[in-house]
Number of protein chains: 2
Amino acid sequence: MGNIHDIARIAGVSAATVSRVLNDHPYVSAEKRKAVLDAAEQLHYEKNINAVHLARGKTDIIGVILPFASHPYFGSILSGIASAAEKNGFKLMIAQTNYDVNQEIDALNMLKLKQVDGLIITSRECPIDVVKDYSTFGNVVVCESWSGHQMSSVFVNQYEAFKEALHYFLQKGHAKIGYSVLRMDGKSSTARRKAYEEVFGFVRKDWIFDRALTIEDGTRLAGEWANLDDRPTAMLITNDFVAAGFILECRRLGFTVPGDVSVIGFDNHPISAPLGITTVDLPLHELGKIAFEQAIAAGNRSHQEVPFTIVERESV
Amino acid sequence: MGNIHDIARIAGVSAATVSRVLNDHPYVSAEKRKAVLDAAEQLHYEKNINAVHLARGKTDIIGVILPFASHPYFGSILSGIASAAEKNGFKLMIAQTNYDVNQEIDALNMLKLKQVDGLIITSRECPIDVVKDYSTFGNVVVCESWSGHQMSSVFVNQYEAFKEALHYFLQKGHAKIGYSVLRMDGKSSTARRKAYEEVFGFVRKDWIFDRALTIEDGTRLAGEWANLDDRPTAMLITNDFVAAGFILECRRLGFTVPGDVSVIGFDNHPISAPLGITTVDLPLHELGKIAFEQAIAAGNRSHQEVPFTIVERESV
DNA sequence: GCTTGCTCTGAAATGCGTTTCATACTTTAC
DNA sequence: GTAAAGTATGAAACGCATTTCAGAGCAAGC
């Protein structure tokens, strides 16, 4: 193996010249270039990337914070980020946080430690002000509606999307509408609640369903819904996985969809098509790509909204 | 900010002592420890992790190669790896390869470059012999049946699992069994084909369905199945996502499951429960954890088989 | 003929923390 | 009271590549 100085010695040049050859810098004579390449070959030389990172002061690595790697919502965003990273010669460091603040902080610290050049936060538990303070150490991108000059953001307008879905229900004759969220106090839940109040002038606690993220949650939700004395006739559900669990369990319980209850999901996950779930399409892969671009953007922070569209199927 | 030498100067000690304090080494007097901590505080000191990696010769980072980050099969494994990594204070570097050999090589090179201490290959396109050669640069773990001393492996016995599923079908009275795979020439496909031949003494090309990974593939598969003159009465399907797409499309086409065609999926993905898909449960999260343990294991390589179990539901 | 501007090269500084080695002082141990 | 063991600390080497600066040599421009 050996290092750059060994190569220099064997090739009879300086370490600087070796570095130039290895990095395709101009101004190296053909013969020295060859001598260096031969020596490198002979030594089976491999760069120590840590030395490179140290010397350059950057790593070409972007960190990604996501609560659950196995959930399709985050998986899609991650996939988008990864595609873009690959195209740009960047590597990805991921931190699965489980919405644990300590783990989030731990991941954020990668910025301080110069382990990553930028960081994408797909979702968080940690207060935004804490996150913000890390922006002095590198680009921070949040996947949520946020405006400010310290960080970039890329997001779906949750408020508008939710509102549009509600109006869709209204237009289809529904007046009793319930909805589910992942975390009652989460950012997008607040937007949803606000949209609901905007449209109806009130919210009914028993029509809001909490902790809904997975298919199993959807199944549970169906039971909770069925147990209500006064059931909503329409449900606006966190995502298509939850919607799938909800619909399938409702049917198992003897209800019909959309007969007894109409459903709109979010994400337009592939499962929604064969199940005929009407859903709000969110371009998550694209969102991931944009997040990556923002993460490597030099200097300029930006705020980008990605569009949503309602995909009409048979669950309403 | 500043570095360790600045701290040393301010605290009136040597850099070595600063390093000792920062790494909780013993043999530092209480007063010097305090002086160092105060100076570090004052300077808002943060370590440059790249220098640490360079000096230590390791990074506490494990690389993960996976073809598609957004697919639940790989998502589950990744999630298992990530849990274990977090518990052990390791970070994860991921490379989404799309089964592109160049990207796989690129990821493998992280080992040579000392960017990662070990590497987990959840699935690959690249020849195993090429992969093997990288094992001199760090622990390599493959998630497939492989025996040899260079690398560790953790896997489900695809051959046995497939065989057991076939026998399950046979026992339920099925003699015409088709199956789907992701890649005809993939490692597990070979095992499946072998198992099939073992049981039946032949394989029918038109009963083997290729390129089946996603829900959409399942939908397509249903069409292909329906178009056959001589249709299998049972299908052993790549995974539960494909099975879901297949079953739902079959029903849409007017067939019944398990009336016209029985189905067994793989993975025991949450979607299989509400859809009543009989499936071969694979402990993917656990497999990920084991892969991680192997990746950080000092010296000793191991080969671990994880168990599968058939989960009986209503699709057979 | 002289200046300007390339091309090419190496010494040395830079980025930064860890670890070994040597040294010196204290405590125990017998 | 002396040897052995432990505590405490710093200088210097080590891990390794990049980049700036200075300088030499040579060709083109006027």
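If you're wondering where the values come from, they're calculated on a predicted model, not measured in any experiment. Letters A, B, ... are given to chains in the order of the sequence lines, protein chains preceding strands, and every chain is numbered from 1.
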For this session: State, yes or no, whether a side-chain contact exists between B:E125 and B:R183 at a heavy-atom distance under 4.5 Å.
Result: yes
Exercise. For the pair made of CG in B:N48 and C1' in C:dT14, what is the distance, rounded to whole Å?
Worked result: 12 Å
For this session: Assess the side chains of A:T59 and A:Q115: does a donor N or O sit below 3.5 Å from an acceptor N or O?
Result: no
Exercise. Can you tell me how far C1' of C:dG10 sits from CD1 of A:I7, to the nearest Å?
Worked result: 16 Å
Exercise. Checking all strands, does B:V18 fall into the base, sugar-phosphate, or nothing category for heavy-atom contacts under 4.0 angstrom?
Worked result: nothing
Exercise. Roughly, in whole Å, what's the span from CG in B:N50 to C1' in C:dT18?
Worked result: 15 Å
Show which side-chain atoms of residues 2-21 of chain B pair as donor or acceptor with protein atoms under 3.5 Å away, not counting sequence neighbours.
| residue | atom | partner | partner atom | Å |
| --- | --- | --- | --- | --- |
| B:N3 | OD1 | B:H5 | N | 2.8 |
| B:N3 | OD1 | B:D6 | N | 3.2 |
| B:D6 | OD1 | B:R9 | NH2 | 2.6 |
| B:D6 | OD2 | B:N3 | N | 2.9 |
| B:S14 | OG | B:A16 | N | 3.4 |
| B:S14 | OG | B:T17 | N | 3.3 |
| B:S14 | OG | B:T17 | OG1 | 3.4 |
| B:S19 | OG | B:N23 | ND2 | 3.3 |

Seminar exercise, completed: 5'-most contact on DNA chain D (nearest-nucleotide basis), B:S14 vs B:V52, goes to B:S14
Exercise. Does a salt bridge link A:K91 with B:D106, judged by any charged N lying under 4.0 Å from a carboxylate O?
Worked result: yes
For this session: Starting at atom NZ of A:K32, determine the distance to atom P of C:dC8, rounded to an integer number of angstrom.
Result: 11 Å
For this session: For A:H53, answer base if it contacts any base atom (sugar-phosphate contacts may also be present), sugar-phosphate if it contacts only those atoms, and nothing otherwise; contact means non-hydrogen atoms under 4.0 Å.
Result: nothing
Exercise. Closest heavy-atom contact between A:M93 and A:V116?
Worked result: CB-CG1, 4.1 Å
Exercise. B:E46 has an atom CD; how far is it from atom P of C:dG17, in whole Å?
Worked result: 11 Å
Exercise. Just by distance, with hydrogens left out, do B:Q96 and A:S79 show a side-chain donor and acceptor under 3.5 Å apart?
Worked result: yes
Exercise. 5'-most contact on DNA chain C: A:H5 or A:V28, nearest heavy atom basis?
Worked result: A:V28
Measure all distances between protein nitrogen or oxygen atoms and nitrogen or oxygen atoms of nucleotides 19-25 of chain C, and list the pairs falling under 3.5 Å.
none

Exercise. Between C:dG15 atom P and B:D6 atom CG, what is the distance in whole Å?
Worked result: 10 Å
Exercise. Got A:D100 and B:E86 here, is their nearest side-chain heavy-atom distance under 4.5 Å?
Worked result: no
For this session: Go through the side-chain N and O atoms of A:S76 and A:H285 and say whether any donor and acceptor fall under 3.5 Å apart.
Result: no
Exercise. How would you give the extent of chain A contacts on DNA chain D, as first and last nucleotide 5' to 3' within a 4.0 Å heavy-atom cut-off?
Worked result: D:dC16 to D:dT20
Problem set entry | Residues A:S188 and A:E144: side-chain donor-acceptor under 3.5 angstrom | no
For this session: Starting at atom NZ of A:K47, determine the distance to atom C1' of C:dG15, rounded to an integer number of angstrom.
Result: 16 Å
